[in-house]
Trainee: 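One structure is given below, represented as structure tokens, and several questions about it will come after.
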Amino acid sequence: MIEFKKVSKSYGDTTVIDEETFTVQTGEFFVLVGPSGGGKTTTLKMINRLVDPSSGQILLDGVDISTIPLRQLRLEMGYVLQQIALFPNMTVGQNIVLIPEMKGWDKDKRTAKAKELLETVGLDPSTYFDRYPSELSGGEQQRIGILRAIIANPKVLLMDEPFSALDPITRAQLQDVTVDLHNKLNITIIFVTHDINEALYLADRICVVQDGRIAQIGSPDDIENHPANQFVSDLFTHTHRRRKA
């Protein structure tokens, strides 16, 4: 479980995050949504201390994250970016097993797990394991980025607009892959997007962020049917929601 307790972030006289308070339950798919520049990515980065809050507390399973050694904290969290950042000189297999290797898993264990995960996302290990990132499509590269982030069974998976650079068909496919992985692994996912339809499709709960403040938190149905204010109502007007299978 992740708890934000009156968390703020300022840069000089500019307040980016203003006393955010919310809880993400273990195993939840929690989506932060709102216009660009509203503070979504800053909120996400504070969870693994890429950004430290100016005030307030962030707790992971009841422990203040500022007291957890930084390397230990980050090894307990997967992180998927829009910029996939696979190592170009390493094969798909070598990219995926990077964190397990750092954690000291033996070679057979990490190789077997990587091949199992490749099959889970529809990539044949005999075809893809020894390929290089330059030989993959954008969608295939992002699948590898997700597998690299989850292979070591992190407590939390952080995803920062991971599909926004992809074409609509590939994006929809990867949304389905992510939902399927979430259901199979019961992993806690915190996902940032400015795409309202994506938020409605993926989320167990949506956190609407407006100018560094939380405008509303609720299920997709709650937010669509009972917006807290005009900003939320306008944001969720003219959506075209897919429904999870």
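Predicted model only: the values in this text are computed from it and were never measured.
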Trainee: Taking the side chain as every heavy atom from C-beta outward, state whether V232 and Q210 have any pair of such atoms under 4.5 Å apart.
Mentor: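 No - every pair of side-chain heavy atoms lies 4.5 Å or more apart.
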Trainee: Nearest 0.5 Å, please: how far is CG in L147 from CG in L181?
Mentor: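 Rounded to the nearest 0.5 Å, the CG-CG separation comes out at 7.0 Å.
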Trainee: Is there side-chain contact between M77 and K155, with heavy atoms separated by less than 4.5 Å?
Mentor: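 Not touching, per the 4.5 Å side-chain cut-off.
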Trainee: Counting distance only, does the side-chain N/O of Q216 pair as donor-acceptor with the main-chain N or O of A228 below 3.5 Å?
Mentor: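 At least one qualifying donor-acceptor pair exists.
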Trainee: Answer whether the closest heavy-atom distance between the side chains of P154 and E76 falls below 4.5 Å.
Mentor: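 With C-beta onward as the side chain, the pair stays apart.
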Trainee: Starting at CD of E161, measure out to CG of L32 and round the result to the nearest 0.5 Å.
Mentor: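 Nearest 0.5 Å value for the CD-CG distance: 10.5 Å.
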Trainee: Going from CD1 on I151 to NZ on K103, what distance comes out if it is rounded to the nearest 0.5 angstrom?
Mentor: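 If I round to the nearest 0.5 Å, the distance is 10.5 Å.
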Trainee: Mark yes or no: K109 above the aromatic ring of W105, with NZ or CZ under 6.0 Å from the six-membered ring centre and no more than 45 degrees from the axis.
Mentor: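 Positive - K109 is close enough to the ring of W105 and near enough to its axis.
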Trainee: Report yes or no: do L158 and V31 belong to one cluster of Ile/Leu/Val/Met/Phe/Trp/Tyr joined by side chain heavy-atom distances under 4.5 Å?
Mentor: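 No, no single cluster joins them.
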Trainee: Inspect the surroundings of CG in D211 and state if more than 12 heavy atoms from other residues, nucleotides or ligands are less than 6.0 Å away.
Mentor: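 Open.
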Trainee: Do S233 side-chain atoms and N229 backbone N/O form a donor-acceptor pair below 3.5 Å?
Mentor: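 No; zero donor-acceptor contacts below 3.5 Å.
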Trainee: Look at the aromatic rings of F22 and F30 and report parallel, tilted or perpendicular, splitting at 30° and 60°.
Mentor: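 Ring orientation of F22 relative to F30: parallel.
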Trainee: Can you tell whether the side chains of K113 and E116 come within less than 4.0 Å, N to carboxylate O?
Mentor: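 Answer for the salt bridge query: yes.
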Trainee: Tell me the closest heavy-atom pair linking G139 and L166, and the distance in Å.
Mentor: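 Closest approach of G139 to L166, heavy atoms only: N-CD2, 4.1 Å.
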Trainee: Do V179 and Y201 make a side-chain contact, defined as non-hydrogen atoms from C-beta onward lying under 4.5 Å apart?
Mentor: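 V179 reaches Y201 side chain to side chain.
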Trainee: Count I, L, V, M, F, W, Y as connected when their side-chain heavy atoms are under 4.5 Å apart, and connections chain through other members. Are V209 and F29 then in the same cluster?
Mentor: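 Result: no, two separate clusters.
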Trainee: Counting neighbours of NZ on K6 that are heavy atoms of other residues, nucleotides or ligands and sit closer than 6.0 Å, is the number greater than 12?
Mentor: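 It does not: K6 NZ has 12 such atoms or fewer within range.
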Trainee: For the residue pair D167 and T170, confirm or rule out a side-chain donor-acceptor distance under 3.5 Å.
Mentor: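 Yes.
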Trainee: Take L59 and I65, measure what side-chain contact (heavy atoms from CB on, under 4.5 Å) needs, and give me the verdict at the end.
Mentor: CA-CA 6 Å; L59 307 179; I65 64 169; over 6 Å; no
Trainee: Is K9 paired with D18 through a side-chain N to carboxylate O contact shorter than 4.0 Å?
Mentor: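 No, this pair does not count.
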Trainee: Would D106 and R110 pass as an ion pair if we require N to O under 4.0 Å?
Mentor: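 Looking at R110 together with D106, the answer is no, because their closest N to O distance does not fall below 4.0 Å.
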Trainee: Minimum heavy-atom separation for I144 to L123, with atom names?
Mentor: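 Smallest heavy-atom distance, with atoms named: CD1-CD1, 3.8 Å.
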Trainee: Report yes or no: does Q141 contribute a side-chain atom to a donor-acceptor pair with the main-chain N or O of P133 at less than 3.5 Å?
Mentor: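 Judged by distance alone, yes, a pair lies under 3.5 Å.
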Trainee: Without swapping roles, check the side chain of T67 against the backbone of D64 for a donor-acceptor pair under 3.5 Å.
Mentor: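 Here the side-chain-to-backbone pair exists.
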Trainee: Main chain of L81, side chain of Q142: is a donor-acceptor contact present, judged purely on distance under 3.5 Å?
Mentor: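 Answer holds: yes.
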Trainee: In Å and rounded to the nearest 0.5 Å, what is the OG1 to CG distance from T127 to L118?
Mentor: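 T127 OG1 to L118 CG: 10.0 Å, rounded to 0.5 Å.
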Trainee: List the steps, then state whether side-chain contact (heavy atoms from CB on, under 4.5 Å) holds for F191 with F163.
Mentor: CA-CA 11 Å; F191 189 106; F163 311 142; 3.9 Å; yes
Trainee: Closest approach of I206 and A203, non-hydrogen atoms and distance?
Mentor: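 Between these two residues, the closest heavy atoms are CG1-CB, 3.5 Å.
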Trainee: Ignoring hydrogens, what is the shortest heavy-atom contact between N95 and M90? Give both atom names and the distance.
Mentor: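 Scanning both residues, the minimum pair turns out to be ND2-O, 3.2 Å.
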Trainee: Do the non-hydrogen side-chain atoms of V24 and T188 ever get within less than 4.5 Å of each other?
Mentor: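 Contact flag for V24/T188 side chains = yes.
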Trainee: Atom CZ of residue position R213 - does it have more than 12 heavy atoms of other residues, nucleotides or ligands inside 6.0 Å?
Mentor: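 No, CZ of R213 has 12 or fewer neighbouring heavy atoms, counting only those of other groups under 6.0 Å.
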Trainee: According to side-chain hydrogen bond (donor to acceptor under 3.5 Å, both in side chains), does anything in residues 34-44 pair up with another residue at least two apart or in another chain? List the pairs.
Mentor: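 Sorted pair list: E20-T43, T41-D160.
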Trainee: Ignoring hydrogens and angles, state whether a donor on the side chain of T193 or D195 is under 3.5 Å from an acceptor on the partner side chain.
Mentor: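 Their side chains do not contain a donor-acceptor pair, so the 3.5 Å distance test is not met.
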Trainee: Would you say the side-chain atoms of Q94 pair up with the backbone N or O of F87, donor to acceptor, closer than 3.5 Å?
Mentor: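 No, Q94 side chain to F87 backbone: no donor-acceptor pair under 3.5 Å.
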Trainee: If we count only N and O atoms by modelled type, under 3.5 Å, do the side chains of D222 and S219 hold a donor and an acceptor together?
Mentor: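 The answer is yes; a qualifying pair exists.
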Trainee: May I ask whether Y128 and I150 are part of the same hydrophobic cluster, defined by side-chain heavy atoms of I, L, V, M, F, W, Y residues being less than 4.5 angstrom apart, directly or through others?
Mentor: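 Linked within one cluster.
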Trainee: Atom CD1 of I187 and atom CG of N153: how far apart are they, to the nearest 0.5 Å?
Mentor: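 Interatomic distance, I187 CD1 to N153 CG, rounded to 0.5 Å: 8.0 Å.
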Trainee: Check for me, please, whether Y79 and V51 land in the same ILVMFWY cluster - side-chain distances under 4.5 Å, paths through other members count.
Mentor: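 Shared cluster, yes.
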Trainee: Ignoring hydrogens and geometry, is there a side-chain-to-backbone donor-acceptor pair from S54 to S10 under 3.5 Å?
Mentor: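 Judged by distance alone, yes, a pair lies under 3.5 Å.
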Trainee: Between the side chain of N48 and the main-chain N/O of R74, is any donor-acceptor distance below 3.5 Å?
Mentor: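 Not confirmed, N48 side chain does not pair with R74 backbone.
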Trainee: About how many Å separate CG of L202 and CG of D176, when rounded to the nearest 0.5 Å?
Mentor: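 Reported to 0.5 Å precision, the distance equals 9.0 Å.
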Trainee: Taking the side chain as every heavy atom from C-beta outward, state whether T91 and R131 have any pair of such atoms under 4.5 Å apart.
Mentor: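 No, every pair of side-chain atoms sits at 4.5 Å or beyond.
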Trainee: Please report the shortest heavy-atom distance between M1 and Q25, naming the atom on each side.
Mentor: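 Smallest interatomic distance, heavy atoms only, reads SD-OE1, 3.6 Å.
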Trainee: Determine, stepwise, if the pair V7 / Q57 fulfils side-chain contact (heavy atoms from CB on, under 4.5 Å).
Mentor: CA-CA 6 Å; V7 173; Q57 270 190 315; 5.6 Å; no
Trainee: Treat each ILVMFWY residue as a node, draw an edge where side-chain heavy atoms are under 4.5 Å apart, and state whether I217 and I190 are in one component.
Mentor: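 Yes, I217 and I190 fall within the same hydrophobic cluster.
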Trainee: Would the distance check show the side chain of E101 and the main-chain N or O of L98 forming a donor-acceptor pair, the cut-off being under 3.5 Å?
Mentor: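 Not a single qualifying donor-acceptor pair exists.
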Trainee: Find out whether R143 and V177 are in side-chain contact, i.e. whether some heavy atom of one side chain is under 4.5 Å from a heavy atom of the other.
Mentor: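 Answer yes - side chains close enough.
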Trainee: Please evaluate residues I58 and M46 with respect to the criterion side-chain contact (heavy atoms from CB on, under 4.5 Å), reporting the C-alpha separation (whole Å), side-chain torsions for both, the decisive distance (0.1 Å), and the verdict.
Mentor: CA-CA 8 Å; I58 303 172; M46 287 194 290; 3.7 Å; yes
Trainee: State whether the side chain of R49 and the backbone N or O of K45 hold a donor-acceptor pair below 3.5 Å, judged by distance alone.
Mentor: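 No, the answer is negative, given that no donor and acceptor are paired below the 3.5 Å cut-off.
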Trainee: Looking only at heavy atoms, which two atoms of V80 and G145 are closest? And how far apart?
Mentor: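 Closest pair (atom of V80, atom of G145, distance): CG2-O, 4.0 Å.
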Trainee: Are any of the side-chain heavy atoms of T23 and F4 separated by less than 4.5 Å?
Mentor: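 They are not in contact (no side-chain heavy atoms under 4.5 Å apart), so the answer is no.
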